[in-house]
Q: 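This is the structure, below, for whatever I ask next.
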Amino acid sequence: MQLDPNAIADYNQSQLEGHQRKLSYWTQEVATAEPIIRKLIDFQIAIPSWALGTGGTRFGRFAGGGEPRSLEEKMADVGLLHALNQASGAISLHIPWDIPTDYDAIKGLAASYSLAFDAVNSNTFQDQPEQELSYKFGSLQHVDAAVRQQAIDHNIDVIRHGEALGSKALTVWLSDGSCFPGQLNFRKAFGRTLDSLGEIYAALPEDWKLFVEYKAFEPNFYSMTVGDWGSSFLYASKLGPKAYTLVDLGHHLPNANIEQIVSILLNEGKLGGFHFNDSKYGDDDLTAGSIKPYQLFLIFNELVDGMDARGMNHATSLGWMIDASHNVKDPLEDLLQSVEAIQLAYAQALLVDRQALEEAREANDVAQAQEILQDAFRTDVRPLVAEARRRAGGALQPLALYRQLNVRQQLIGERGAKTIATGL
Ligand code: RM4
Ligand code: MN
Ligand code: MN
């Protein structure tokens with residue numbers, strides 16, 4: 001379905017007075033309001049194709065209605081999100097869940113929704129029905145060279161799909177590792193993985209990036225071959241300048257200081273991409289900012305600081321993506337909430353008085369340094385984010401309008417009440 005183009009304008013008109021009242025404080029009192037709004041307008045967060053259906057756990061999956069049945073319908077869903085918030089202007093495809101059959105038609109469809117193709121993702125963590133060799137004991141690390149070759153070939157195939165669509169990056173997330181002590185020779189597993197990644201790297205087009213995503217545990221529970229930022233950084237450094245580390249917020253051990261990790265990787269020029277989600281325990285894949293919004297802000301604080309220190313463009317230098325797949329909410333509502341949470345954290349980070357913060361640090365004024373950060377975090381920046389959306393042509397309150405328009409009901413009418421999206 002396409003949104004009625006007048007629906008957003010009519011809705012915004014009905015909300016305008018209240019919005020302007022809240023915004024007037026910003027436009028009258030805060031000198032940085034305008035540049036922050038402009039940065040927010042530029043900042044786009046890619047939507048992964050696998051987040052458009054209801055997720056599940058290994059105990060079950062309770063599909064919602066009107067889930068997209070094809071790549072075309074997944075793109076239509078991202079098109080809806082982008083029409084509502086003007087901040088979800090890219091889709092990230094997972095191969096083989098989303099293999100395009102007609103590239104031109106898919107590219108045309110993307111253009112009609114103003115969507116770009118973000119990083120493409122390979123999948124060697126599942127066996128596919130027609131696949132010859134199994135990944136049960138790993139893919140790029142496998143003891144059998146034929147399995148490694150099959151996984152390498154798959155990744156190169158994913159690059160070719162991405163090239164045809166205009167993607168500029170390949171994300172490799174490996175489930176490789178071991179479940180029991182003694183199962184794996186760590187040194188050999190690292191070496192084989194590095195060699196395999198090297199072959200994939202060699203097949204990258206000149207202007208592409210390779211993102212090496214790490215994860216501390218699951219599905220392997222004793223060791224993960226790309227288990228932390230240190231090993232990802234090592235692979236990326238050994239591979240070369242087109243290889244970067246990708247940070248997925250849910251892929252750390254509890255209480256890890258992710259903001260410090262981000263700061264160091266950025267400073268080394270090796271942070272490439274980001275997967276946003278939130279968690280209480282592990283890779284929970286909950287809505288960004290739903291559990292630890294202060295942590296999300298602290299991460300953005302380091303991102304803004306580190307990108308500015310290197311003169312990087314906030315919107316285009318790194319790959320920004322949501323990677324969440326929760327079980328109980330309408331996926332589109334969830335994604336609208338995630339994008340908003342990310343924008344709020346970004347806007348708050350832009351508010352931080354960096355000069356005052358540095359002065360407090362140099363003076364060892366710990367309380368003042370904390371005050372400066374918390375002052376930004378406790379500021380209600382929702383009017384700024386809403387204004388950025390309005391100026392870009394989106395809805396002042398995307399979730400409220402989504403509900404008012406009964407979008408889910410319309411999707412169920414179009415697609416049926418019992419549809420299941422490919423993906424997790
Ligand atoms: C993994 C990881 C990857 C994602 C898959 C679906 O846990 O986060 O980024 O592609 O899930
Ligand atoms: Mn991820
Ligand atoms: Mn994950």
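Residues: numbered from 1 along the sequence shown. When a ligand or atom number is given, it counts from 1 through the structure's own listing order. Because only heavy atoms are used, hydrogens play no part in the values below, and waters and symmetry mates are left out as well, while side chains stay in.
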Q: Judging by distance only, is a nitrogen or oxygen of W173 under 3.5 angstrom from one on ligand 1?
A: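 It does not: no N or O of W173 is found under 3.5 Å from an N or O of ligand 1.
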
Q: Quick one: nearest non-hydrogen protein atom to atom 6 (C) of ligand 1, plus distance?
A: W50 NE1, 3.6 Å

Q: Under 2.8 Å from the Mn ion (ligand 2), which protein N, O or S atoms are there? Could you list them by chain and number?
A: E213 OE2, D248 OD2, H275 ND1, D323 OD2

Q: For the ring pair H314 and Y346, is the centre-to-centre distance below 6.0 Å?
A: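 Between H314 and Y346, the centre distance is under 6.0 Å.
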
Q: Go through ligand 1 atom by atom and flag the ones less than 4.0 Å from a non-hydrogen atom of D248.
A: 8 (O)

Q: Check each atom of ligand 1 against the heavy atoms of H94 and keep those under 4.0 Å away; list them by number with element.
A: 6 (C), 10 (O)

Q: Need the ligand 1 atom indices (1-based, order shown) with element for anything under 4.0 Å from a heavy-atom of H275.
A: 9 (O)

Q: Could you go step by step and tell me if Y113 and Q2 meet the side-chain hydrogen bond (donor to acceptor under 3.5 Å, both in side chains) rule?
A: CA-CA 9 Å; Y113 299 125; Q2 290 264 24; 4.8 Å; no

Q: If only side-chain N and O atoms count, and only distance matters, is there a donor-acceptor pair under 3.5 Å linking D127 with Q131?
A: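 Distance-only check passes for Q131 and D127.
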
Q: Decide whether the shortest distance between a heavy atom of E218 and an atom of ligand 1 is less than 4.0 Å.
A: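 Under 4.0 Å: no for E218.
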
Q: Which atoms of ligand 1 are found less than 4.0 Å from any heavy atom of D323?
A: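 Taking each heavy atom of D323 in turn, ligand 1 has 2 (C), 3 (C), 4 (C), 8 (O), 9 (O) under 4.0 Å.
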
Q: Over all heavy atoms of both residues, which pair between L401 and A395 is shortest? Give the atoms and the distance, please.
A: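 Heavy atoms of L401 and A395 come nearest at CD2-CB, 3.7 Å.
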
Q: Does the side chain of S122 pick up a donor-acceptor pair with the side chain of N155 at under 3.5 Å?
A: yes

Q: Hey, which atoms in ligand 1 end up nearer than 4.0 Å to a heavy atom of K215?
A: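 Close to K215: 7 (O).
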
Q: Please name the atom of D283, restricted to N, O or S, that is closest to the Mn ion (ligand 3).
A: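 The nearest such atom is OD2.
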
Q: Compute both the distance and the angle, then confirm whether K242 meets the cation-pi test with Y201: under 6.0 Å from the six-membered ring centre, within 45 degrees of the axis.
A: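 The answer is yes; both the distance and angle limits are met.
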
Q: H251 heavy atoms, cut-off 4.0 Å: which ligand 1 atoms fall inside?
A: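 Heavy-atom distances to H251 below 4.0 Å select 2 (C), 7 (O), 8 (O).
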
Q: Would you call the rings of H94 and W50 parallel, tilted or perpendicular, where under 30° means parallel and over 60° means perpendicular?
A: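 Geometry flag for W50 against H94: perpendicular rings.
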
Q: If we count only N and O atoms by modelled type, under 3.5 Å, do the side chains of E213 and T171 hold a donor and an acceptor together?
A: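 Not at all, the side chains of E213 and T171 share no donor-acceptor pair under 3.5 Å.
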
Q: Tell me whether the guanidinium CZ or amine NZ of K270 lies under 6.0 angstrom from the six-membered ring centre of F233 and within 45° of its axis.
A: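 No - K270 does not lie over the ring of F233 by the 6.0 Å and 45° rule.
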
Q: Among all protein non-hydrogen atoms, which one is nearest to atom 9 (O) of ligand 1, and what is the separation to 0.1 Å?
A: E213 OE1, 2.7 Å

Q: Verify whether one side chain among Q15 and N12 offers a donor that lies under 3.5 Å from an acceptor in the other.
A: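 Side-chain D/A pair, Q15 to N12: absent.
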
Q: Are there over 12 heavy-atom neighbours, none belonging to R160, within less than 6.0 Å of that residue's CZ?
A: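 Counting neighbours around CZ of R160, more than 12 heavy atoms of other residues, nucleotides or ligands fall under 6.0 Å, so yes.
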
Q: For ligand 1, which atoms sit closer than 4.0 Å to a heavy atom of D283?
A: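 Near D283, meaning under 4.0 Å from one of its heavy atoms, ligand 1 has 7 (O).
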
Q: In terms of the angle between their ring planes, are F217 and F221 parallel, tilted or perpendicular, with boundaries placed at 30° and 60°?
A: tilted

